[in-house]
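Some notes on the structure that comes next.
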Amino acid sequence: MKVFIATDKPFAKIAVDGIRAEVEAAGFELALLEKYTQKQELLDAVVDADAIIIRSDIIDAEVIDVAKNLKIVVRAGAGYDNVDLEAATAAGVCVMNTPGQNANAVAELVFGLLIYAVRNFFNGTSGTELMGKKLGIHAYGNVGRNVARIAKGFGMEIYAYDAFCPTDIIEKDGVKAVASAEELYSISNIVSLHIPATAETKKSINASLLARMPKGAVLVNTARKEVIDEVELIDFMISRPDFKYVTDIAPANDAAMKEKVAAQYFSTPKKMGAQTSEANVNAGIAAAKQIVDFLVNGNEEFKVN
Ligand code: 3PG
């Protein structure tokens with residue numbers, strides 16, 4: 001059996017070594033494609049793969065079609081919007097993610113971005129503090145929970161909205177559950193986005209929602225760029241010079257944002273939320289263990305299709 005790691009954005013070496021140890025202990029072979037620039041490199045590499053470990057790498061119908069031996073794809077991370085689930089299911093390929101494994105890394109970056117924003121991007125002027133501010137967590141999954149845990153240390157008032165998470169689960173963490181996204185945005189000085197990119201959520205963060213946020217508000221996005229209505233966002237930010245947007249996923253209109261709302265906007269040059277050696281080890285080794293357990297024992301826990 002051949003397990004393939006296909007990562008445009010490579011794991012730390014320690015994570016690759018850990019994955020190799022898991023795969024080889026099961027008697028399987030490990031192959032690696034990193035920092036590829038052309039889709040053809042991926043297509044050529046996966047032709048004889050039985051299993052593929054990916055990050056944000058795109059696994060579409062064409063990739064699935066050329067990989068005739070493919071049995072399982074594991075997205076080492078949370079979001080699997082980069083995998084064509086329908087094509088995988090049609091080809092009998094199991095798709096999994098590794099929920100929670102990189103959640104702390106992403107949550108810590110939320111606060112890195114927030115401090116940078118509320119201190120006016122370190123431009124020397126007086127900023128504000130996080131203590132006492134109302135933080136709205138939009139979706140209370142693994143990352144949202146870690147954000148809440150860290151926010152307590154900052155002395156923030158914490159609110160959350162999640163259409164699928166029961167109120168008692170949210171409130172047992174000392175977080176106030178609110179009934180709608182509209183209510184969350186109306187209350188919060190800061191909103192941290194943790195919704196997945198789905199047909200329902202794409203472009204759902206729009207001007208009418210953001211306009212509810214109080215003066216001096218900050219939106220921090222470590223989730224997906226697709227959930228933002230980027231055309232409405234830039235116009236909204238021009239009309240609200242007090243509002244800041246900080247993100248770990250550059251919007252398609254990054255150049256226009258830098259030109260028109262430079263003092264209110266920051267994006268990391270490359271998605272960095274899960275890019276720590278700890279998260280790479282956690283997610284990468286979980287992916288390897290899940291593949292071995294699936295191929296050897298047929299365990300389908302964490303299957304998403
Ligand atoms: C995730 O969905 O797990 C994060 O967005 C991390 O993505 P990455 O593995 O491409 O850094």
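Since the model is a prediction, treat every value here as computed from it, not as a measurement. For ligands, and for the atoms within them, numbers begin at 1 and follow the listed sequence.
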Name the orientation class of the two ring planes belonging to Tyr265 and Tyr245 (parallel below 30°, tilted from 30 to 60°, perpendicular beyond 60°).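 Judged by the thresholds at 30° and 60°, the geometry between Tyr265 and Tyr245 is parallel.
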Tell me whether the rings of Tyr161 and His138 are parallel (<30°), tilted (30 to 60°) or perpendicular (>60°).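 It falls in the tilted class, 30° to 60°.
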Gly79 N/O under 3.5 Å from ligand 1 N/O: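 Between Gly79 and ligand 1 (N or O atoms, distance only) the closest approach is under 3.5 Å.
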Looking only at distance, does Ala78 have an N or O less than 3.5 Å from an N or O of ligand 1?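 So ligand 1 has an N or O lying under 3.5 Å from an N or O of Ala78.
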Looking at atom 10 (O) of ligand 1, what's its closest protein heavy atom, distance included?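 Here the nearest protein heavy atom works out to Ser56 OG, 2.5 Å.
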Among protein heavy atoms, which lies nearest atom 6 (C) of ligand 1, and at what distance?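 Ranking protein heavy atoms by distance from atom 6 (C) of ligand 1, first comes Ala274 CB, 3.6 Å.
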Asp173 and Tyr140: side chain donor to acceptor below 3.5 Å: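 Tyr140 and Asp173 do have a side-chain donor-acceptor pair below 3.5 Å.
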Flag yes if Met156 and Ile170 sit in one hydrophobic cluster, no otherwise; membership is Ile, Leu, Val, Met, Phe, Trp, Tyr, and two members link when side-chain heavy atoms are under 4.5 Å apart.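 Linked, Met156 and Ile170 end up in one cluster.
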Count I, L, V, M, F, W, Y as connected when their side-chain heavy atoms are under 4.5 Å apart, and connections chain through other members. Are Val46 and Val3 then in the same cluster? no
Are Met96 and Thr98 packed together at the side-chain level, in the sense that at least one heavy-atom pair is separated by less than 4.5 angstrom?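 The answer is no, as the side chains (C-beta and beyond) never meet within the 4.5 Å cut-off.
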Which of the numbered atoms in ligand 1 are below 4.0 angstrom from a heavy atom of [X]?
| X | result |
| --- | --- |
| Asn102 | 1 (C), 3 (O), 6 (C) |
| Arg224 | 1 (C), 2 (O), 5 (O) |
| Gly77 | 3 (O) |

Checking heavy-atom distances from atom 4 (C) of ligand 1 to each of Lys9, Gln275, Lys271, the winner is Lys271
So is Arg75 close enough to ligand 1, meaning a heavy atom under 4.0 angstrom away?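 Checking ligand 1 against Arg75, which is what was asked, there is a heavy-atom contact under 4.0 Å.
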How does Val106 reach ligand 1, by side chain, by backbone, by both or by neither, if only non-hydrogen atoms under 4.0 Å count?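 Neither part.
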Counting heavy atoms not belonging to Lys9, are there more than 12 under 6.0 Å from its NZ?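 More than 12 heavy atoms, drawn from other residues, nucleotides or ligands, come within 6.0 Å of this atom.
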